[in-house]
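Got a structure here, written out as structure tokens. Questions coming.
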Amino acid sequence: MTIESFLTNEFCKAIENLYSQTIDIKQVQIQKTKKDFNGDYTVNVFPFLKISRKSPEQTATEIGEFLKHNSKEINNFEVIKGFLNISFSNSFWINKLNETLLPIQTNTIDKKNILIEYSSPNTNKPLHLGHIRNNLLGHSLSEILKENGNKVTMVNLVNDRGIHICKSMLAWQKWGNNITPVEAIKKGDKLVGDFYVLFDKEYKKQISDLLSKGKTQKEAENEAPLILEAREMLQKWEAHDTEVLELWNKMNGWVYAGFEKTYNELGITFDKIYYESKTYGLGKDEVLKGVTTGALIKKEDNSICADLTSDGLDEKVLLRSDGTSVYMTQDIGTAIMRKNEFNADEMVYVVGNEQNYHFQVLKLVIKKLGYNWSDKISHLSYGMVELPEGKMKSREGTVVDADELIEEMYSTAKSISEELGKLDGIPENEKEEIIRMVGLGALKYFILKVDPKKNMVFNPKESIDFDGNTGPFIQYTHARIKSVIRKANEAGINIPKNISENTEINENEKSIIKLITDYNNIVFEASSELNPAIIANYTYSLVKEYNHFYHNCSILKEENSEIQSFRLLLSNSTAIKIKDSMKLLGINVPERM
RNA sequence: GGUUCCGUAGCUCAGUUGGAUAGAGCAACAGCCUUCUAAGCUGUGGGUCGCGCGUUCGAAUCGCGCCGGAAUCACCA
């Protein structure tokens, strides 16, 4: 039972006894007491004045007195205006701390089979900061959902086909002189990305050429020779033309090798990887089937659409007039395939908010096709990562490349630790490992501490901090605690298995216990909100509180042995919670730094 | 133009089942290492919570209207 529900019960009993009325537990609003006031939890008595027929102060005082005398866990209260601030006894808190040391029973009540899709890169350009946010969110959410006892399957869907891929293929064919990543001394994804950019450049030239010949913008875009060639290539691809397929396999192979390296650096993994090239066919079949059932309509130019006007949306094309598929087509196929394969209770898509419309349409079309599970699809719509001057633009070269950023994080971590001399005397390979941990920790925490739904700003000039509310600060606190524990071991001081409930504790220590006790609630909240930032903010407040304690109270030099062992245990428990929380964010913590 | 989202300190962000005096970090300034790791701790300054109206005991939080920004409304992905 949580502390909140325990307190709610006690409160209801008090109301019944004092005023002979039963109340709905939903009316009882419990919150943690604000720092400036005495108490652990606060109940607002305003909603109960009609029952008590007394002033707020009088009502709160009566209830407070009742609780204090009838509940052994509650030992004090204070009334300010209509707020009843309730304090639990120290022994109550010590018992709570002892409970956290018991083996954990995983919550199996809400256990679900959840499929989560994230990453979903295109194979025409390298990964950038926006993809990093996606990957980190997806990985962290998977960890959080697992921690809540769910069965989680992480999948990636690679967009490896489509007109965009043909563009880079065409450009390589025309101007590449058969160059390979090895010859270019470049990661494969980077090389392919270069050709995508080159296509765009040449295409734009042709468009402005046609514009000067009097064509409209739309005509120019549709009639430029390059785009016609790219479309032709896509048709050949869908017709399994051997030459096109060979080129496509070769270039995609380069890209996968490049992505693999970036995923490895970030610690991103998947249980299964889908390829759009293998799923779009099913989508096509489903769409054609939809025409025969009358769910979809075939136009006179042979294109196939879903009429969504009754849902307040427009018509959505699902197959082009030349018979080729669009992005939506494969997503329909993939969703159906997965549902059949995993029979998931929930299918979560981690995809940017620029695709909100896409998912609205996807759910509607799937429903139209006769599948009743369309409401099991949920879109974790995360915000864009922007620069101070706005969106990242590849044309202006302002895109923050994933590999370069990661590399920069390592070198910053390295120069900071060298400057501080923290890693002197540590073996070279361990040093290297710590530096990578800290650099990555800074990056990951920076991204994950922000509410996923919101857009966020990254300033390349200021880069990412290593002080204050950052990953390294949290990692540092963990290392500090570990250092104390090592010293305790050396001195032969043991960490106890539990604490006597009569141990004297101060306010500072009590605050830490409260935070440690709150861990399960926080994980549950993060899971139901699909929000890793909740974990990040929690960890920060725990660490902040611990450092305050560390500064004010000595541990190993404490003479009272009962207090000393309590403080050791408290420190150890804090370290465990830091490590657990950071794991949920995909961040490792070092033993020393 | 339609739809959706956002607007909190100079900057980056917390804070909404409506609650007490709106919080952190960075940046600036001033202190704290003969004492368990100073990537730390303490303090100072910094706010019309975009603006207005409403709902009520009470609004950063809910409703309506403006202003400003973003995304999207492709036979692109």
Side-chain angles (χ1 to χ4, degrees), chain A residues 26 29 31 33-37 42 44 46 49 56 80-83 85 120 122 124 159 161-165 167 221-222 231 276 299 301-305 312-314 316-328 330-331 352-358 360-361 381 383-384 386 388 390-391 413 416-417 419-420 422 438 442 446 449-451 453-459 462 464-477 479-488 491 533-534 536-537 540-541 543-544 547-548 550-558 567 571 592-593:
Chain A
K26 287 194 191 101
Q29 293 180 14
Q31 50 207 280
T33 301
K34 286 203 170 191
K35 242 190 157 143
D36 310 331
F37 302 91
T42 297
N44 194 308
F46 257 110
L49 299 184
I80 298 171
K81 295 184 204 165
F83 298 98
N85 298 327
S120 318
N122 294 334
N124 63 336
N159 288 297
R161 48 133 264 138
I163 190 77
H164 57 298
I165 312 295
K167 289 177 180 176
E221 279 173 15
N222 281 313
R231 281 184 194 148
E276 185 184 328
K299 307 266 248 187
D301 65 358
N302 280 329
S303 63
I304 292 171
C305 300
L313 304 177
D314 293 328
K316 175 69 194 176
V317 172
L318 298 173
L319 284 180
R320 297 189 185 99
S321 47
D322 66 5
T324 55
S325 321
V326 295
Y327 178 58
M328 184 65 72
Q330 67 75 26
D331 236 5
N353 62 15
E354 56 197 352
Q355 292 192 34
N356 287 350
Y357 183 75
H358 174 82
Q360 213 181 334
V361 172
S381 161
M384 300 290 101
E386 291 171 349
K391 239 186 130 169
I416 290 175
S417 66
E419 202 179 304
L420 296 172
K422 293 280 186 158
V438 173
F446 174 81
K449 76 171 175 183
V450 181
D451 184 337
K453 291 190 290 295
K454 292 190 175 176
N455 287 0
M456 61 179 290
V457 176
F458 170 77
N459 188 338
E462 293 173 5
I464 294 172
D465 273 317
F466 283 67
D467 299 320
N469 186 359
T470 66
F473 168 50
I474 293 165
Q475 291 170 318
Y476 172 73
T477 306
R480 246 183 172 181
I481 297 174
K482 285 299 181 175
S483 170
V484 173
I485 288 169
R486 274 194 302 274
K487 293 213 159 113
I534 292 170
N537 288 322
Y540 178 65
S541 41
V543 163
K544 189 92 184 135
N547 274 304
H548 185 60
Y550 182 91
H551 185 260
N552 291 328
C553 311
S554 47
I555 302 164
L556 300 177
K557 295 208 167 63
E558 171 58 45
R567 287 183 178 166
S571 300
R592 65 185 91 223
M593 71 183 261

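Hydrogens, waters and symmetry mates are skipped; everything else that's a heavy atom, side chains included, is used. Below, chain A is the first sequence line, B the second, and so on; all start at residue 1.
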query = For A:Arg161 and B:C76, is the shortest distance between a side-chain N/O and OP1 or OP2 below 4.0 Å?
reply = no

task = If the glycosidic angle is within 90 degrees of 0 it's syn, otherwise anti, so just tell me which one B:C49 is.
result =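 B:C49: anti glycosidic orientation.
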
request  = Output yes when at least one side-chain N/O atom of A:Arg567 is less than 4.0 Å from OP1 or OP2 of B:C36, else no.
outcome  = no

task = Looking only at side-chain atoms of A:Glu386, point me to the closest of B:A70, B:U12, B:A77.
result = B:A70

query = Tell me: NZ of A:Lys34 to P of B:U21, nearest whole Å?
reply = 8 Å

request  = State whether A:Arg320 and A:Asp322 are salt-bridged, where the test is any N-O pair (Lys NZ or Arg NE/NH1/NH2 against Asp/Glu carboxylate O) under 4.0 Å.
outcome  =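 Salt bridge between A:Arg320 and A:Asp322, a charged N being under 4.0 Å from a carboxylate O: no.
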
ask   = When you compare B:A59 with B:U16, how far apart are their C1' atoms, in angstrom units rounded to a whole number?
value =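 Per the computed distance, 10 Å lies between those C1' atoms.
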
request  = Answer whether the closest heavy-atom distance between the side chains of A:Asn124 and A:Lys167 falls below 4.5 Å.
outcome  = no

inquiry  = Using whole Å, what does the distance between atom P of nucleotide B:G15 and atom CD of A:Gln31 come to?
reply    = 16 Å

request  = Could you tell me the separation between the CZ atom of A:Arg486 and the P atom of B:U37, rounded to a whole number of Å?
outcome  =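 Rounding to the nearest Å, CZ of A:Arg486 and P of B:U37 are 8 Å apart.
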
inquiry  = Under the criterion of centre distance below 5.5 Å and interplanar angle below 30°, is A:Tyr550 classified as stacked on the base of B:G40?
reply    =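 A stacking contact does not exist, since A:Tyr550 is not both close and nearly parallel to the base ring of B:G40.
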
message = What contact category does A:Ser541 fall into here, base, sugar-phosphate, or nothing, at under 4.0 angstrom with non-hydrogen atoms?
response =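 The answer is nothing, as A:Ser541 stays clear of every strand by at least 4.0 Å.
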
query = Out of B:C13, B:A77, B:G40, which has the shortest distance to the side chain of A:Val326?
reply = B:A77

request  = Provide the distance between the two C1' atoms, one in B:A70 and one in B:G15, to the nearest whole Å.
outcome  =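 About 23 Å, rounded to a whole number of Å.
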
query = Taking side chain as C-beta onward, heavy atoms only, is A:Asn222 less than 4.5 Å from A:Arg231?
reply =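 They are in contact (side-chain heavy atoms under 4.5 Å apart), so the answer is yes.
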
ask   = For A:Asn547 and B:G40, what is the distance between atoms CG and P respectively, to the nearest whole Å?
value = 8 Å

task = Side chain of A:Val450 only, please: which of B:A20, B:U42, B:A14 is the nearest?
result = B:A14

Sort me out a list of protein N/O and nucleotides 24-26 of chain B N/O pairs below 3.5 Å, or just none if empty.
{"residue": "B:A24", "atom": "O2'", "partner": "A:Tyr540", "partner atom": "OH", "Å": "2.9"}
{"residue": "B:G25", "atom": "OP1", "partner": "A:Lys544", "partner atom": "NZ", "Å": "3.1"}
{"residue": "B:G25", "atom": "O2'", "partner": "A:Asn469", "partner atom": "N", "Å": "3.4"}

query = Between A:Lys487 and B:U37, does any side-chain N or O lie under 4.0 Å from OP1 or OP2?
reply =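 Checking A:Lys487 against B:U37: at least one side-chain N or O falls below 4.0 Å of OP1 or OP2.
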
Distance in angstrom units between A:Arg592 CZ and B:U37 P, rounded = 11 Å

inquiry  = Determine whether the aromatic ring of A:Tyr476 stacks with the base of B:G40, defined as ring centroids separated by less than 5.5 Å and ring planes inclined by less than 30°.
reply    =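 No, A:Tyr476 does not stack on the base of B:G40, since the centre distance and plane angle fail the 5.5 Å and 30° test.
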
query = Are A:Lys482 and A:Arg592 close enough that some pair of their side-chain heavy atoms sits under 4.5 Å apart?
reply = no

ask   = If you pin A:His551 and A:Phe458 to their nearest nucleotides in RNA chain B, which one's is more 5'?
value = A:Phe458

task = Assign A:Phe466 to base, sugar-phosphate, or nothing according to its heavy-atom contacts below 4.0 angstrom with the strands shown.
result =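 Touches a base.
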
ask   = In whole Å, what separates the P atom of B:G46 from that of B:A38?
value =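 About 32 Å, rounded to a whole number of Å.
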
inquiry  = Please classify the nucleic acid contact of A:Thr324 as base, sugar-phosphate, or nothing, using heavy-atom distances under 4.0 Å.
reply    =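 No contact at all - A:Thr324 keeps every heavy atom at 4.0 Å or more from the nucleic acid.
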
query = Roughly how far apart, to the nearest Å, are B:A14 and B:A22 at atom C1'?
reply =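 B:A14 and B:A22 have their C1' atoms separated by 11 Å.
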
inquiry  = According to side-chain hydrogen bond (donor to acceptor under 3.5 Å, both in side chains), who are the partners of A:Asn122, at least two apart in sequence or on a separate chain?
reply    = A:Asn159

message = With nearest nucleotide decided by heavy atoms, which residue, A:Asn122 or A:Lys391, maps closer to the 5′ end of RNA chain B?
response = A:Lys391

query = Base, sugar-phosphate alone, or nothing: which one does A:Asn85 contact when heavy atoms must sit under 4.0 Å apart?
reply = base

task = Kindly say if A:Ser483 contacts the phosphate of B:U37, meaning a side-chain N or O under 4.0 Å from OP1 or OP2.
result = yes

Counterpart residues, side-chain hydrogen bond (donor to acceptor under 3.5 Å, both in side chains), relative to A:Ser303 (two or more places apart) = A:Asp301

key: Any A:Tyr476 side-chain heavy atom under 4.5 Å of A:Val438 side chain   =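 The answer is no, as the side chains (C-beta and beyond) never meet within the 4.5 Å cut-off.
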
request  = Tell me yes or no: between the side chains of A:Ser321 and A:Asn302, is some donor less than 3.5 Å from an acceptor?
outcome  = no

inquiry  = Regarding A:Asn459, tell me which of base, sugar-phosphate or nothing describes its non-hydrogen contacts under 4.0 Å with the strands shown.
reply    = nothing

task = Verify whether one side chain among A:Thr470 and A:Asp465 offers a donor that lies under 3.5 Å from an acceptor in the other.
result =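 Per modelled atom types, A:Thr470 and A:Asp465 side chains form no pair under 3.5 Å.
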
message = In whole Å, measure the gap between the C1' atoms of B:G45 and B:A27 for me.
response =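 It works out to 13 Å between them.
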
ask   = Are any of A:Arg320's side-chain N or O atoms less than 4.0 Å away from OP1 or OP2 of B:C76?
value =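 The answer is yes; a side-chain N or O of A:Arg320 sits under 4.0 Å from OP1 or OP2.
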
inquiry  = Distance check, rounded to the nearest 0.5 Å: A:Phe83 atom CZ versus A:Phe46 atom CZ?
reply    = 7.5 Å

request  = Runs of at least three consecutive Watson-Crick or G-U pairs, both distances under 3.5 Å, are what I'm after; which ones involve RNA chain B?
outcome  =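 Only these stems qualify: B:1-7 with B:67-73, B:10-13 with B:23-26, B:28-32 with B:40-44, B:50-54 with B:62-66.
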
request  = Check whether any side-chain heavy atom of A:Leu318 sits under 4.5 Å from a side-chain heavy atom of A:Cys305, and report yes or no.
outcome  = no

query = In Å, rounded to the nearest 0.5 Å, how long is the span from OG1 of A:Thr42 to CZ of A:Phe37?
reply =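 A:Thr42 atom OG1 to A:Phe37 atom CZ measures 8.5 Å (nearest 0.5 Å).
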
query = Taking only side-chain nitrogens and oxygens of A:Lys81, does any of them come within less than 4.0 Å of OP1 or OP2 of B:A20?
reply =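 No, no such contact exists.
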
inquiry  = Could you tell me how far B:U44 sits from B:C5 if I compare only their C1' atoms? Round to whole Å.
reply    =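 Result for the C1' pair: 38 Å, nearest Å.
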
message = Ignoring hydrogens, what is the shortest heavy-atom contact between A:Pro388 and A:Phe458? Give both atom names and the distance.
response =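 A:Pro388 and A:Phe458 have their closest heavy atoms at CD-O, 3.4 Å.
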
request  = Just call it for A:Ile555: base, sugar-phosphate, or nothing, with non-hydrogen atoms closer than 4.0 Å on any strand.
outcome  =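 Base, at least one base atom sits under 4.0 Å.
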
message = With a 4.5 Å cut-off on side-chain heavy atoms, are A:Met384 and A:Lys391 touching?
response = no

query = Partners of A:Asn537 by side-chain hydrogen bond (donor to acceptor under 3.5 Å, both in side chains), sequence neighbours excluded?
reply = none

inquiry  = In the structure I gave you, are the side-chain heavy atoms of A:Val484 and A:Tyr550 within less than 4.5 Å of one another anywhere?
reply    = yes

key: Whole-Å gap separating C1' (B:A38) and CD (A:Glu419)   =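 Nearest whole value for this atom pair: 13 Å.
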
Can you check nucleotides 1-8 of chain B for protein contacts, nitrogen or oxygen pairs under 3.5 Å, and list what you find?
none

B:G19 versus B:U61 - spacing of their C1' atoms, nearest Å =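 B:G19 and B:U61 have their C1' atoms separated by 11 Å.
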
request  = Would you mind telling me which of B:A71, B:A20, B:A77 lies closest to the side-chain atoms of A:Glu354?
outcome  = B:A71

key: C1' gap between B:C32 and B:G50, integer Å   =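 Taking atom C1' in both B:C32 and B:G50, they lie 41 Å apart.
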
message = Applying a 4.0 Å non-hydrogen cut-off, can you work out what A:Met384 is touching in the nucleic acid: base, sugar-phosphate, or nothing?
response =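 Touches nothing.
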
ask   = In whole angstroms, how far is the C1' atom of B:C32 from the NE2 atom of A:His548?
value =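 A:His548 atom NE2 is separated from B:C32 atom C1' by 15 Å.
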
query = Rounding to a whole Å, what distance do you find between A:Ile485:CD1 and B:U37:C1'?
reply =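 So the two atoms are 14 Å apart, to the nearest Å.
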
